[in-house]
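Reviewing the structure listed below.
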Amino acid sequence: MRYYDKLIFELSRKGRTAFTLPRNPYGAASLPDKLSRKSSLDLPEVSEVDVVRHYTNLSQMNFGVDTGFYPLGSCTMKYNPKINEEVASMPGFMALHPLQPASTVQGALEVIWNLGKSLAEITGMSRFTFGPCAGAHGELTGLMIMRQYHMKRGDLARTKVIVPDSAHGTNPASAAVCGLQVVVVKSNERGLVDVEDLKPLLGPDVAGIMMTNPNTLGLFEREIKEIAALVHGCGGLLYYDGANMNPLLGIVRPGDMGFDIMHLNLHKTFSTPHGGGGPGSGPVGVRKGLEAYLPVPKVVRKEDGSFDVVRDDEDSAGEVSGFLGNFGIILRAYAYVLMLGKQNLRRAGQLATLNANYIKESLKDAYKLPIPSVCKHEFVFDGLIDNGERKDAQGNVIRQGARTLDVAKRLLDFGFHAPTIYFPLLFHEALMIEPTETESKETIDAFIDVMHKIAKEAEEDPAKLSGAPHSTPISRPDETRAAREPKLKYE
Ligand SMILES: *Cc1c(COP(=O)(O)O)cnc(C)c1O
């Protein structure tokens, strides 16, 4: 153990401080007895340099996109331009209070209004709400709108939602939370929704279908027009899970594909650091004719051009959050859209697609590629490397090769974060790679090189993989216990 791997409590020495306060000319204020502390706070007593080293070392024990390539799939964990952080921390925005009257926050309301307009143009929807604070929250909101639409028409029999077997787990979960029944539609051998499997599921009890396009395998659902016609034909609506919108920016619009309701993950596609469970923003958009069902509060533009917030609306599907949304994230997205503009948003999607296909083609000889077609911004290997069995000197049978988990762990030794593993559930050893548009060819080539090296190790020295990572502060925790019984306390 290095000296600075010690806890800050262990570095503590009585009386040592990192600050000096000016002499207090006023004397001590007295607090009511019931409010004052009875024993002293148990804080570490250290010098300034110890504090700085403590936090700097802590920041380097974890892996982040600021320190290395992060090919995690289904996330668009991109490098986000730092200027967006600056915009989000401008005092005029940061010091706002969510309960301020509309007349005093006209600038903030204008930002929300304008971003809504931009997203509507990008997606082919009519109006957006920014209430939902995550993609999953957006799904729930969208399904509430779908249910409200059917209920307002007096059509109470529509209780089923169709979800592809390739869907993100939040899709069926949101449907269940919304009180709807989930029906699964299968994928075909090309990894796309099987239209023949879909047809018999459609009927007067179907509220709608939830789809991700490109889907979680990174494949564009080519038959989306036919699917839309079939679902609309039975009276259902189409919900678009926009988590994979990145490669379609400026190229295809969900509204033009036939979708009625959708969410975007601003923290995936429109620049916000995304990790540790938040912060997030999952704005929901609806096509023309469904605007009335959007949740309250709603931002509206008045005749004189000023903005107001409407809090009651009898057609609305209800309230999904107390205020207008996660405003710091809205600001980052607004800055990002304005900074890139139409042409460069399109280019971001094209580069993300090019980078993913380049990696896929460069590695498909070393890793099993179950669906070999052109992908969008991400793709999935079935990561098992199976080199059969051999007998060692004592006659014991040794399986040769590596599992996806081993490949992912070994990448850390080379300074790359692991891709997403064991998702989607369609393949047992799924390994999902999403490079994003921000990485240089040199970085991507270095990653490809390392992946080749690891495939070779699986053949020649499998123990090196099953024991990896060898260079991180912690090697292989018991993943279940680390999640279920984390030890977060100093003992
Ligand atoms: C990330 C993701 C979601 C859920 O979004 P959160 O913001 O994490 O709630 C839903 N669907 C897909 C395809 C995703 O990748």
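Predicted model only: the values in this text are computed from it and were never measured. Atoms within a ligand are numbered from 1 in the order they appear, just like the ligands themselves. Side chains included, hydrogens not; waters and symmetry mates left out as well; all remaining heavy atoms used.
Residue, atom and distance of the protein heavy atom nearest to atom 5 (O) of ligand 1 are Asn265 ND2, 3.0 Å. The nearest heavy-atom contact from the protein to atom 11 (N) of ligand 1 is Asp241 OD2, 2.5 Å. Here the heavy atom of the protein found nearest to atom 9 (O) of ligand 1 is Ala136 N, 2.8 Å. Summary of contacts: the protein heavy atom closest to atom 6 (P) of ligand 1 is Gly135 N, 3.4 Å. The protein heavy-atom contact nearest to atom 2 (C) of ligand 1 is Lys268 NZ, 2.3 Å.
Side-chain atoms of Ser271 and Asn84 include a donor-acceptor pair closer than 3.5 Å. One side chain, Glu139 or Asn171, offers a donor N or O that lies under 3.5 Å from an acceptor on the other.
The two residues Met432 and Thr216 make their nearest non-hydrogen contact at CE-O, 2.6 Å.
In this structure, Glu139 counts as a contact residue of ligand 1, since one of its heavy atoms falls inside 4.0 Å of the ligand.
Within 6.0 Å of atom CZ in Arg222, 12 or fewer heavy atoms from other residues, nucleotides or ligands are found, so the atom counts as exposed in its surroundings.
Residues Met451 and Leu411 form a side-chain contact, since some pair of their non-hydrogen atoms from C-beta on lies under 4.5 Å apart. The side-chain heavy atoms of Leu249 and Gln350, taken from C-beta on, include no pair separated by under 4.5 Å.
Atoms of ligand 1 lying under 4.0 Å from any heavy atom of Thr170, numbered from 1 in the order shown and given with element: 3 (C), 4 (C), 10 (C), 11 (N).
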Yes or no on salt bridge (Lys or Arg N to Asp or Glu O under 4.0 Å) for Asp406 and Lys409, after CA distance, side-chain angles and deciding distance?
CA-CA 5 Å; Asp406 303 327; Lys409 296 279 186 195; over 6 Å; no

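Residue Ser74 places at least one N or O, backbone or side chain, under 3.5 Å from an N or O of ligand 1.
With a heavy-atom cut-off of 4.0 Å, His267 touches ligand 1 through its side chain alone. At a heavy-atom distance under 4.0 Å, only side-chain atoms of Ala243, from C-beta outward, approach ligand 1.
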